[in-house]
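Chain letters run A, B, ... following the sequence lines, proteins first, then strands; residues in each count from 1. Values reported hereafter were calculated over all heavy atoms of this structure, with side chains retained and with hydrogens, waters and symmetry mates removed.
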2 protein chains.
Amino acid sequence: MRSSGSLSRDTNVLNRLRAAGLRPTRQRLALAKLLFAHGPRHVTAESLFNEARGNLSLATVYNALHDFTEKGLLREISIKSGQSYFDTNTTAHHHFYFEKTGKLQDVPLESVQISSLPEAPMGETISRVEVVIRLAR
Amino acid sequence: MRSSGSLSRDTNVLNRLRAAGLRPTRQRLALAKLLFAHGPRHVTAESLFNEARGNLSLATVYNALHDFTEKGLLREISIKSGQSYFDTNTTAHHHFYFEKTGKLQDVPLESVQISSLPEAPMGETISRVEVVIRLAR
DNA sequence: ACGAATTCTAGAATAATTCTAATCTGAGAA
DNA sequence: TTCTCAGATTAGAATTATTCTAGAATTCGT
Ligand SMILES: [Mn+2]
Ligand SMILES: [Mn+2]
Ligand SMILES: [Zn+2]
Ligand SMILES: [Zn+2]
């Protein structure tokens with residue numbers, strides 16, 4: 001018997017929310033399970049709402065996505081005008097962007113070697129370097 | 001006497017539109033002059049509309065920005081959710097993004113040395129690599 | 001279970017952008 | 001020059017993404 005049945009998966013997700021200081025409500029648990037129970041994902045408020053359909057409102061999806069982001073469980077990404085993506089992979093990494101389909105795909109940090117960067121402007125501090133590799137339309 | 005008076009500046013902007021296959025209408029000339037008559041700029045539909053105020057509608061600003069972009073006179077940039085930037089610098093280059101103010105600043109191409117990149121996914125072609133250097137909030 | 005704080009929800013509101021349909025105009029033809 | 005009309009402009013409506021509001025429901029420490 002394995003230790004990754006649906007009970008322990010639920011428990012993991014619940015603990016994850018607790019650890020982040022978020023109340024594990026029914027709605028948040030449902031969303032967190034969709035987001036975190038499998039591999040890394042890049043979702044849209046709309047796409048996540050569609051997956052969770054029937055059990056919660058769109059406003060709650062936005063609330064949860066922002067709450068999760070503030071607590072460091074998600075990262076918000078803007079590559080396309082008009083709609084934000086939320087990334088379950090919060091570790092430093094980069095992205096392929098498929099212009100044809102609007103999909104994102106992770107690029108491991110070490111796949112992109114940056115051998116020199118400019119100095120930050122006076123009084124500023126670099127908080128993160130993001131590389132987007134666009135794939136032709 | 002120099003050759004960069006306002007007459008020749010108007011002429012240059014007009015020729016630029018002609019060369020791009022765009023009719024040099026009054027509205028486009030006004031916008032092109034704001035965009036191209038001085039150094040490189042990063043504008044928003046709203047910010048450009050405010051500069052041109054009174055002489056054209058916001059819909060026209062959007063039309064012009066998209067027309068210019070299609071003809072290669074501008075580049076559209078999405079770094080922030082909710083609003084697009086348009087960049088008058090269409091050569092390959094990167095950006096500093098000031099999280100505090102929402103402003104962009106050009107980073108010359110050669111200031112960022114990328115010594116290795118991942119292969120494009122099967123059947124895909126890299127069309128451009130964009131680096132955004134975020135400056136702490 | 002009680003109560004305070006937090007969260008959820010639907011719908012209204014807002015903000016950015018796109019669409020529509022009427023009107024206008026630049027620029028080549030005559 | 002004047003004529004023509006494809007293409008451009010316009011204001012406002014429409015659409016889309018997102019945020020706000022205010023009341024109802026839930027969570028959780030006690
Ligand atoms: Mn705004
Ligand atoms: Mn949509
Ligand atoms: Zn990612
Ligand atoms: Zn730029």
Side-chain angles (χ1 to χ4, degrees), chain A residues 10-11 13-35 42-71 73-86 102 104, chain B residues 10-11 13-34 42-71 73-86 102:
Chain A
D10 291 8
T11 303
V13 166
L14 186 146
N15 288 335
R16 191 132 179 208
L17 293 182
R18 285 232 164 89
L22 292 167
R23 286 189 178 177
T25 64
R26 177 170 45 83
Q27 293 83 186
R28 284 171 170 173
L29 279 169
L31 294 175
K33 221 188 303 180
L34 291 173
L35 289 169
H42 303 96
V43 304
T44 260
E46 189 185 13
S47 76
L48 187 61
F49 175 64
N50 288 336
E51 288 186 54
R53 213 164 230 168
N55 301 122
L56 72 175
S57 73
L58 181 57
T60 299
V61 173
Y62 276 103
N63 288 340
L65 288 173
H66 288 140
D67 293 343
F68 290 4
T69 299
E70 274 166 25
K71 300 300 187 174
L73 266 34
L74 292 177
R75 223 174 105 181
E76 187 171 1
I77 302 181
S78 300
I79 13 72
K80 178 211 242 163
S81 157
Q83 204 167 32
S84 283
Y85 291 78
F86 291 85
L104 284 171
Chain B
D10 291 8
T11 302
V13 165
L14 186 147
N15 288 334
R16 190 131 180 209
L17 293 182
R18 286 230 163 89
L22 292 167
R23 285 190 180 177
T25 64
R26 177 170 44 83
Q27 292 83 346
R28 283 174 172 173
L29 279 169
L31 294 174
K33 219 187 304 178
L34 291 173
H42 304 95
V43 304
T44 260
E46 189 185 13
S47 75
L48 187 61
F49 175 65
N50 288 336
E51 287 187 53
R53 213 163 230 170
N55 299 124
L56 73 181
S57 73
L58 181 58
T60 299
V61 173
Y62 276 103
N63 288 339
L65 288 172
H66 288 141
D67 292 343
F68 290 3
T69 299
E70 276 166 23
K71 300 301 187 173
L73 265 34
L74 292 177
R75 222 174 106 181
E76 186 170 0
I77 302 180
S78 299
I79 14 72
K80 177 211 241 163
S81 158
Q83 203 168 33
S84 283
Y85 292 79
F86 291 85

TODO: Would you mind telling me which residue lines up with the more 5' stretch of DNA chain C, A:Gly82 or A:Arg28, judged by nearest nucleotide?
DONE: A:Arg28
Task: Close side-chain approach of B:Lys33 to B:Leu29, heavy-atom, < 4.5 Å - done: no
Open item on the list: Heavy-atom nearest nucleotide on DNA chain D for B:Ser81 versus B:Asn63: which residue maps closer to 5'?
Closed with: B:Asn63
- [ ] Looking at every strand, decide which applies to B:Leu56 at a 4.0 Å heavy-atom threshold: base, sugar-phosphate, or nothing.
- [x] sugar-phosphate
TODO: In whole angstrom, give the distance that lies between atom CD1 of A:Ile79 and atom P of D:dA17.
DONE: 13 Å
Task: Point-to-point distance, once rounded to the nearest 0.5 Å, from CG of B:Leu31 to CZ of B:Phe68 - done: 6.0 Å
Open item on the list: In this structure, how many angstroms lie between the P atom of D:dA17 and the OH atom of A:Tyr62, rounded?
Closed with: 7 Å
Task: Nearest-Å distance for atom pair CG/C1', residues B:Asp67 and C:dG26 - done: 15 Å
Task: Value rounded to 0.5 Å, distance of OH in A:Tyr62 from CG in A:Asp67 - done: 14.5 Å
Show me the donor-acceptor pairs, under 3.5 Å and distance only, between side chains in residues 16-25 of chain B and residues at least two apart or in other chains.
unit_1  : atom_1 : unit_2  : atom_2 : d
B:Thr25 : OG1    : B:Arg28 : N      : 3.3

Task: From A:Leu104 atom CG to A:Ile77 atom CD1, the distance as rounded to the nearest 0.5 Å - done: 5.5 Å
TODO: Could you state the atom-to-atom distance from CG of A:Asn50 to P of D:dA17 in whole Å?
DONE: 11 Å
Open item on the list: Could you tell me how far apart B:Asn55 (CG) and D:dT9 (P) are, to the nearest whole angstrom?
Closed with: 14 Å
Open item on the list: Return whichever of A:Glu76 or B:Ser57 has its heavy-atom-nearest nucleotide of DNA chain D closer to the 5' end.
Closed with: B:Ser57
Task: Backbone N/O of A:Thr60 and side chain of A:Ser57: donor-acceptor pair under 3.5 Å - done: yes
- [ ] Measure from the side chain of A:Ala59, starting at C-beta and using heavy atoms only, and say which of C:dT17, C:dG11, D:dT9 lies closest.
- [x] C:dG11
Task: A:Leu65 CG to D:dT19 P, straight-line distance once rounded to whole Å - done: 10 Å
Open item on the list: Can you tell me how far apart OH (A:Tyr85) and OG1 (A:Thr44) are? Round to the nearest 0.5 Å.
Closed with: 5.5 Å
Task: Pairwise distance CG(B:Asn55) to CZ(B:Arg26) - rounded to 0.5 angstrom - done: 7.0 Å
Task: Distance in angstrom units between A:Phe49 CZ and D:dT16 C1', rounded - done: 15 Å
Open item on the list: Based on the rotation axes of five pairs at each end, what angle does the helix from C:dA1-D:dT30 to C:dA30-D:dT1 bend through, to 10°?
Closed with: 30°
Set out, line by line, the N/O atom pairs under 3.5 Å between protein and nucleotides 27-30 of chain D.
unit_1 : atom_1 : unit_2  : atom_2 : d
D:dT27 : O2     : A:Arg23 : NH1    : 3.2

Task: Euclidean distance, atom NE2 of residue B:His66 to atom C1' of D:dT9 [Å, nearest integer] - done: 16 Å
TODO: Rounded to the nearest 0.5 Å, what's the gap from CZ on A:Phe86 to CG on A:Leu65? Could you check?
DONE: 4.5 Å
